[in-house]
Amino acid sequence: YGGVAIDGGDAAERTGDSLRRGVALVPQRAHLFRASVADNVRLARPDADDEEVVAACRAACVHDDVEAMRAGYDTLIGERGATVSGGQRQRVGVARALANRADILLMDEPFGALDPIVRAELQRELKEIQRALGTTILFVTHDVDEAFTLGDQVAVLSTGGRIEQVGSPAELLSSPASPFV
């Protein structure tokens, strides 16, 4: 089926620790623990100092929670009654991935369960993060508009994961390789 190359080398030849440090995952639904936002972000890198955690949160636009951390407040999820919206939860998931200082972010439909307004806002923020940090992002989505909004290169997969075409959004629109595309 092929292979995966990272920095020109076979990913299968890298150690587990090397992969964990170099690649971060933002799942479809970021799971947060009943701890402060800072502690949830710090899970990716327990040795991260407060400034690194704040920087990751700022990059991921976790505005309210950054201010709460700086003020010494504990933003809790769950039993104590504090709530974090779905959009904010996803931002914390992105901040956790960024705190890991990974060169590659794997994002598995991270905005799929969000309302259209929050989804559009997070798409804009993700593009800004990518531009600012130069991080490689592999973004999985079933939403063609989202793929064309976020992607420099888009791979269209058909049933069974067969690659139908890879190209820029403009190339896919102007020269589809098949009726499926």
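Index from 1, following the sequence.
- Listed here is the closest heavy atom pair of Gly93 and Ala30: CA-CB, 3.9 Å.
- Separation of atoms CZ (Arg89) and CG (Leu114) is listed at 9.0 Å; rounding is to 0.5 Å.
- Atom CG of residue Asp108 and atom CG of residue Leu105 lie 13.0 Å apart, to the nearest 0.5 angstrom.
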I would like to know whether Met107 and Ile137 meet side-chain contact (heavy atoms from CB on, under 4.5 Å); could you show each step before the answer?
-> CA-CA 7 Å; Met107 303 186 83; Ile137 300 173; 3.6 Å; yes
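- The environment of Asp49 atom CG is dense: over 12 non-hydrogen atoms of other residues, nucleotides or ligands sit within 6.0 angstrom.
- Clustering of Ile, Leu, Val, Met, Phe, Trp and Tyr side chains at separations under 4.5 Å places Leu173 together with Val144, Phe148, Val154, Val156, Leu172, Phe180, Val181.
- No more than 12 heavy-atom neighbours from other residues, nucleotides or ligands sit within 6.0 angstrom of CZ on Arg29.
- Looking at Leu98 and Leu133, their side chains come closer than 4.5 Å, going by heavy atoms from C-beta outward.
- Distance check, rounded to the nearest 0.5 Å: CG of Leu25 to CG of Leu106 gives 6.0 Å.
- Salt bridge Glu146/Arg119: present, at least one basic N to carboxylate O contact under 4.0 Å.
- Side-chain N or O atoms of Asn100 include none that pairs as donor or acceptor with a backbone N or O of Ala102 at under 3.5 Å.
- At least one side-chain heavy atom of Ile6 sits under 4.5 Å from a side-chain heavy atom of Ile104.
- Val92 and Val53 fall within a single hydrophobic cluster, where Ile, Leu, Val, Met, Phe, Trp and Tyr are joined by side-chain heavy atoms under 4.5 Å apart, directly or via other members.
- Residues Leu126 and Phe111 are in side-chain contact: their nearest non-hydrogen atoms beyond the backbone lie under 4.5 Å apart.
- Between Glu109 and Thr141, the shortest heavy-atom distance links the atoms CG-CA, 4.1 Å.
- Across Leu150 and Gln123, no two heavy atoms sit closer than the pair CD2-O, 3.5 Å.
- In this structure, the separation between CD on Gln153 and CG on Leu138 is 12.5 Å, given to the nearest 0.5 Å.
- The closest side-chain heavy-atom distance from Arg96 to Asn40 is below 4.5 Å.
- Summarising the geometry of Ser174 relative to Pro176, their closest heavy-atom pair is C-CD, 3.6 Å, with the distance given to 0.1 Å.
- How far CZ of Arg124 is from OG1 of Thr149: 10.5 Å, rounded to the nearest 0.5 Å.
- Following chains of ILVMFWY side-chain contacts shorter than 4.5 Å, one can reach Phe139 starting from Val94, so the two form part of one hydrophobic cluster.
- Residues meeting the side-chain contact (heavy atoms from CB on, under 4.5 Å) test with Asp50, sequence neighbours left out: Arg42.
- Gln130 contributes atom CD, which lies 15.0 Å from atom CD of Glu125 (distance to the nearest 0.5 angstrom).
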Where do Ser178 and Glu164 land on the side chain to side chain donor-acceptor pair (under 3.5 Å) test, with the steps shown first?
-> CA-CA 7 Å; Ser178 69; Glu164 292 287 333; 3.2 Å; yes
